[in-house]
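For the numbers below, each heavy atom of this structure counts, side chains included, while hydrogens, waters and symmetry mates do not.
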Amino acid sequence: MDRLKLHSEYITLQQFLKIQNIISSGGEAKYYLAEHKVYVNQELETRRGRKLYPKDIVCVDGKEYEME
């Protein structure tokens, strides 16, 4: 499991996808989430504005990331 250190209280799912180079721009997040299964804490997530806090776990394409 990879870890991502947060430098603020939270980041959005859209920001996370951009930081991890899964999408190249924020505008792609809506389309990416519509066509791919992304889980936050084992729940399917479709909201690009979902806030991610420390200890949250995001699963994208079978790879897990933990927020720190």
Side-chain angles (χ1 to χ4, degrees):
M1 178 180 317
D2 289 345
R3 300 186 188 286
L4 178 65
K5 177 86 172 146
L6 301 181
H7 298 288
S8 59
E9 181 183 355
Y10 65 86
I11 63 170
T12 63
L13 182 55
Q14 174 176 304
Q15 290 170 319
F16 166 81
L17 293 172
K18 234 177 126 181
I19 289 168
Q20 294 300 321
N21 293 317
I22 296 169
I23 59 172
S24 58
S25 71
E28 291 179 31
K30 180 179 179 180
Y31 304 104
Y32 185 88
L33 292 171
E35 296 189 10
H36 296 86
K37 292 187 178 187
V38 176
Y39 295 88
V40 176
N41 300 327
Q42 299 179 348
E43 294 180 14
L44 184 61
E45 186 57 70
T46 58
R47 298 172 295 164
R48 63 184 177 174
R50 165 73 187 258
K51 294 177 181 174
L52 303 175
Y53 295 94
K55 306 252 189 250
D56 281 346
I57 296 176
V58 179
C59 184
V60 181
D61 294 329
K63 190 167 183 181
E64 290 188 341
Y65 305 84
E66 182 177 1
M67 305 301 114
E68 294 189 329

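- With a 4.5 Å cut-off on side-chain heavy atoms, D2 and K63 count as touching.
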Verdict with reasoning, V38 to Y32, per side-chain contact (heavy atoms from CB on, under 4.5 Å): CA-CA 9 Å; V38 176; Y32 185 88; 3.9 Å; yes
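- Distance CD/Q42 to SG/C59: 9.0 Å, rounded to 0.5 Å.
- For the side chain to side chain contact (heavy atoms under 4.5 Å, CB included) criterion with Q14, the lone passing option out of T12, I11, L17 is T12.
- The two atoms that bring K51 and D56 nearest to each other are O-OD2, 3.8 Å, heavy atoms only.
- Checking R48, E45, R47 one by one against L13, the side chain to side chain contact (heavy atoms under 4.5 Å, CB included) holds for a single residue, E45.
- The minimum heavy-atom distance between L44 and Y39, with the atom names listed, is N-CD2, 3.4 Å.
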Any chance you could lay out the side-chain contact (heavy atoms from CB on, under 4.5 Å) test for L4 and L52, step after step, and finish with the verdict? CA-CA 11 Å; L4 178 65; L52 303 175; over 6 Å; no
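- Residues L33 and T46 approach most closely at CD1-O, 3.7 Å, considering heavy atoms.
- Side-chain contact between Q20 and V60: absent, with no pair of heavy atoms (C-beta onward) separated by less than 4.5 Å.
- Using cut-offs of 30° and 60° for the angle between ring planes, the Y10 and Y53 rings count as tilted.
- In terms of heavy atoms, N41 sits closest to K55 at OD1-O, 4.2 Å.
- Between P54 and E68, the shortest heavy-atom contact is CB-C, 4.0 Å.
- How far OH of Y65 is from CD1 of I22: 4.5 Å, rounded to the nearest 0.5 Å.
- Clustering of Ile, Leu, Val, Met, Phe, Trp and Tyr side chains at separations under 4.5 Å places I57 together with M1.
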